[in-house]
Amino acid sequence: MSKGSHAKADYASSREEQLFCRLINTLYEKSNFYRKKFNELDLHPSDIKGLEDLHKLPFTEKEDLRNNYPLSMQIAPDEEIVRIHSSSGTTGKAVLIPYTQRDVNNWAEMMARCMEMVGVTKKDRVQITPGYGLWTAGIGFQAGVERIGAMAIPTGPGNTERQLQMMVDLKTTVLIGTSSYGLYLAEEAEKKGLLDKIKLRIGIFGSERWGEKMRSRIEQLFGIDSFDIYGLTEIYGPGIAIDCPHHTGLHYWNDHFIFEIIDPETGKQLEPGKKGELVITTLTKEGMPLLRFRTRDITRIIPARCSCGSSYPMIDRITGRTDDMIKIKGVQVFPADFENVLKSIPEISSEYRIVIDRKNGKDSVLLQVERNEHSQATAEAVAKKCEEEIKNRIGITVEVKVLRYKELPRSEKKTKRIIDNRKN
Ligand code: ZN
């Protein structure tokens, strides 16, 4: 692929190109962090003629944001900052994000677009269960809901009893939250016999990877259509991409961002359609603009227009994190890839374990699966089916061992499914 030659046509119009060039100049002028990075690469803004030169620019890593705690990457003057949010520090120090009034407005505008995209109108009553506070989410949804003129019900998280009561008494029509909380609420509502008193029609769920099985269970119980929403605190928060009613991908706002997909190992841009790490450049952010921010989220840019008619481009659902990626026999794979294959095989349970070894300089993979409780198929037949499906759909050869039902360990917490002995 010629480097970035497709970028102009696929990624942006001339307005975005102008914003991009302006961003490069602004960062060079106002950001000590970026000027230093440019200088290290012997780059000057005049070397960047347009989006085709995007690949020459340095990446920004989450680690950079941590190292510049609290606000060394802010470029707007203090008197223009109206709000601070923070991204959670599950893996180390927290990161602070400063917003100008215009940043706050743009975010609300994007969130309103998300709501409109999935069919929320001013007649809707929207129950917002994500938290409010330093961690974004709640307040971002609220701003979008108010902007379109719907009624916000800012319950925040927890207190399931009250959530369900609000849902019944206020006739909530839209539920926003994490998918696991959505499922929990749906199952509690069923248990309490409240389902036919609930008037929900739309669910907007985000911030964690969730499978088709979970999605259809929530949809069935509540009788709703559900939509994936994407975002990250470093880039405003949730609301920078959303599923549309056609459910073929998540539309993103290319008038505010440049999305690129790179190979997480080499850092090279991948062409549209190829799966890799999502990298985001902000075009309109003022408080703390980011250049080529590595999200560590794995997805692909869908190289086709959506049949819904929207001209906003699409990414696929997030299938994993670069941290989870493993390379087997030269192929990049994710636990989700195995899950996707295994869930299509009815003879086995949802549990599995993958053991990777290196013998005589070659990777060998042992996949342990459990035969389902009621399956009549022989272990040989199940193993053969798994081997074939994995070969066809992931492209690697594995050896499959079929265990009895419940023979694999169960854990309340995240189960360790991949044991990679090559590193020992
Ligand atoms: Zn669409």
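Ligands are counted one by one from 1 in listed order, and the atoms in each one are counted from 1 as well. Just the heavy atoms: all of them, side chains too, but no hydrogens, waters or symmetry mates, feed the values below. Computed from a predicted model, the values in this text were never measured in an experiment.
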Under 2.8 Å from the Zn ion (ligand 1), the protein N, O or S atoms, given as residue and atom: C244 SG, H251 NE2, C306 SG, C308 SG
Polar side-chain atom of R294 near backbone of F59 as donor-acceptor pair, under 3.5 Å: no
Backbone of L51 reached by a side-chain donor or acceptor of E17 within 3.5 Å: yes
salt_bridge(R393, E389) N-O dist < 4.0 Å: yes
Side-chain donor/acceptor of D243 to backbone N/O of F227, under 3.5 Å: no
Presence of salt bridge, K329 and D363, under 4.0 angstrom: no
Residue pairs, two or more places apart or on separate chains, that pass ring pair (Phe, Tyr, Trp, His ring centres under 6.0 Å) and touch residues 290-322: W253-Y312
